Amino acid sequence: MSQGGLLVVDVTKDEFKIVKVYSRSVVQGDGCGGSRRYSGDFGMVTNGASTGKYRVGDYLYFHNTSAPCEGYFPDPVELEIPKWKKDADLDYDSTPYGNVPLGDTHGTALCVNRDTGEEILLTTMRLSNEIVFVNVSSQKIVQRKSLARSDFLPNPTPDLLSLIAYGGDVMCMSLRGGIPLSAIGKFKDTYRRTPGMLCVRLTRDCLDFDFDQNDFYPTTEPLYPTPDPHAIFQVCYRNKEKSTGAES
């Protein structure tokens, strides 16, 4: 939920029913992305971002989904993502909420090491322009890497993620615009934003990525009067060897 908290909803009945409410003291930050796992007790990961009203940090939450049908909803395991660096071009004092911590975790995606089967969770940091890599088994941060490129992506502002299938070697993400329709319009870095979609090539161990300017798909004026990509969802595969089909 915005400003913290999480609802669990039973959708099996004709009328949806809220079966569990986590308060914002348990699940902090502005909720955004989430990833589902298909094995193990911790079957869902959600995040809480630092740009909300209550000025908390950035967090990932690992939820135990081993027995929800029996009404078992324990508190999630919380992992804080510490600040990585400060961007001098972000004017925090101009925001309605004062000195907001840098970071802003948003999209999440699960990548599986193609040699060992180890699961790595990736999350975009919308304001620090980085990808954070988390080992799911240990629930620890194992890598961080910037998405910024001085020549064509000075301020990518990554938001939501979609990991392309057939090996999971391509990950696409939406990049927010200079006139955002929600949330981050209060920051004064908007003139450097490059709205569009970016696809990166992941390594086999899921701990690194690479891309070049040809992997950036801009949404620019005049075709898009207010370009501000947000949601992203995989809709097709071009082939089974290297899938790059996605839409934002």
Side-chain angles (χ1 to χ4, degrees), residues 1-54 56-82 103-126 131-143 159-168 171 173 202 205-207 230-235:
M1 305 292 286
S2 176
Q3 303 177 22
L6 180 74
L7 303 181
V8 180
V9 180
D10 183 350
V11 298
T12 62
K13 305 295 191 296
D14 291 338
E15 293 186 5
F16 292 176
K17 181 181 179 181
I18 296 172
V19 294
K20 174 67 178 180
V21 177
Y22 293 98
S23 70
R24 65 170 177 255
S25 64
V26 175
V27 177
Q28 304 184 72
D30 277 8
C32 186
S35 291
R36 181 181 177 186
R37 296 178 66 214
Y38 293 92
S39 62
D41 289 342
F42 290 93
M44 179 68 71
V45 182
T46 61
N47 58 9
S50 59
T51 48
K53 180 177 180 180
Y54 293 97
V56 299
D58 288 288
Y59 301 94
L60 292 172
Y61 291 95
F62 296 83
H63 300 270
N64 188 318
T65 57
S66 59
C69 294
E70 287 72 47
Y72 180 60
F73 301 107
D75 287 352
V77 175
E78 180 184 271
L79 172 64
E80 184 172 6
I81 304 174
D104 196 22
T105 172
H106 256 67
T108 59
L110 279 169
C111 181
V112 178
N113 185 313
R114 281 168 276 167
D115 296 319
T116 66
E118 192 172 48
E119 290 180 307
I120 301 295
L121 179 76
L122 302 98
T123 182
T124 50
M125 305 298 283
R126 193 169 57 173
I131 299 291
V132 174
F133 302 76
V134 177
N135 184 296
V136 174
S137 296
S138 65
Q139 297 171 352
K140 292 182 178 180
I141 296 171
V142 292
Q143 173 73 297
D159 205 293
L160 297 183
L161 292 174
S162 180
L163 191 66
I164 306 301
Y166 296 120
M171 181 173 67
M173 65 200 75
L202 293 166
D205 62 3
C206 304
L207 293 177
H230 198 172
I232 185 169
F233 187 72
Q234 174 182 313
V235 294

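Any value given below was found using the heavy atoms of this structure, including those in side chains, with hydrogens, waters and symmetry copies removed. Just so it is clear, the structure is predicted and the values come from calculations on it, not from any experiment. By convention here, the first residue in the shown sequence is residue 1.
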Completion exercise
Separation between CG (L161) and OG1 (T124), nearest 0.5 Å, reads 4.5 Å

Exercise for the section: Indicate yes or no: at least one non-hydrogen side-chain atom of V132 is less than 4.5 angstrom from one of V134. Expected result: yes

Practice task
Taking the side chain as every heavy atom from C-beta outward, state whether F42 and P76 have any pair of such atoms under 4.5 Å apart.
Solution key: no

Exercise for the section: Report yes if the side chains of H63 and L6 come closer than 4.5 Å at any heavy-atom pair, otherwise no. Expected result: yes

Exercise for the section: Could you check D159 against M173 for side-chain contact (heavy atoms from CB on, under 4.5 Å), going step by step and ending with a plain yes or no? Expected result: CA-CA 6 Å; D159 205 293; M173 65 200 75; over 6 Å; no

Practice task
Please tell me if the side chains of F73 and V19 come closer than 4.5 Å, counting only heavy atoms from C-beta onward.
Solution key: yes

Problem - Sub-4.5 Å side-chain heavy-atom contact between I141 and I81 - result: yes

Practice task
Indicate whether the side chain of T108 and that of T123 have a donor and an acceptor atom separated by less than 3.5 Å.
Solution key: no

Fill in the blank from the handout: In short, L110 meets R36 closest at the heavy-atom pair CD1-O, 3.5 Å

Problem - Nearest-0.5 Å distance, CE of residue M44 to OH of residue Y61 - result: 16.0 Å

Handout entry: Residue pair F133 / L207: nearest heavy atoms and the distance that separates them
Key = CE2-C, 3.7 Å

Exercise for the section: Could you grab the distance from atom CG of L121 to atom CZ of F62, nearest 0.5 Å is fine? Expected result: 5.5 Å

Exercise for the section: Look at the side chain of T65 and the backbone N and O of G43, then say whether any donor-acceptor pair between them is shorter than 3.5 Å. Expected result: yes

Practice task
Please check if atom CE in M1 has more than 12 non-hydrogen atoms from other residues, nucleotides or ligands closer than 6.0 Å.
Solution key: no

Handout entry: Contact check, side chains of V112 and E118, non-hydrogen atoms, under 4.5 Å
Key = no

Exercise for the section: Give, for atom SG of C111 and atom CE of M171, the distance between the pair rounded to the nearest 0.5 Å. Expected result: 8.0 Å

Exercise for the section: Look at the side chain of D30 and the backbone N and O of Q3, then say whether any donor-acceptor pair between them is shorter than 3.5 Å. Expected result: yes

Practice task
Indicate whether any N or O donor in one side chain lies under 3.5 Å from an N or O acceptor in the other, for E78 and Y59.
Solution key: no

Handout entry: For the student: nearest non-hydrogen atoms of I232 and S162, plus distance
Key = CG2-N, 4.2 Å

Handout entry: V136 vs R37 side-chain heavy atoms within contact, under 4.5 Å
Key = yes

Practice task
Please report the closest heavy-atom contact between C32 and H106, naming both atoms and the distance.
Solution key: SG-CD2, 3.0 Å

Practice task
For N113 and C206, work out which heavy atoms get closest and say how close.
Solution key: N-SG, 3.6 Å

Handout entry: Presence of salt bridge, D10 and K17, under 4.0 angstrom
Key = no

Exercise for the section: Go through the side-chain N and O atoms of D58 and T105 and say whether any donor and acceptor fall under 3.5 Å apart. Expected result: no

Exercise for the section: State, yes or no, whether a side-chain contact exists between D205 and D115 at a heavy-atom distance under 4.5 Å. Expected result: no

Practice task
Is it possible for you to check whether K20 lies under 6.0 Å from the centre of the six-membered ring of Y22, through NZ or CZ, and within 45° of that ring's axis?
Solution key: yes

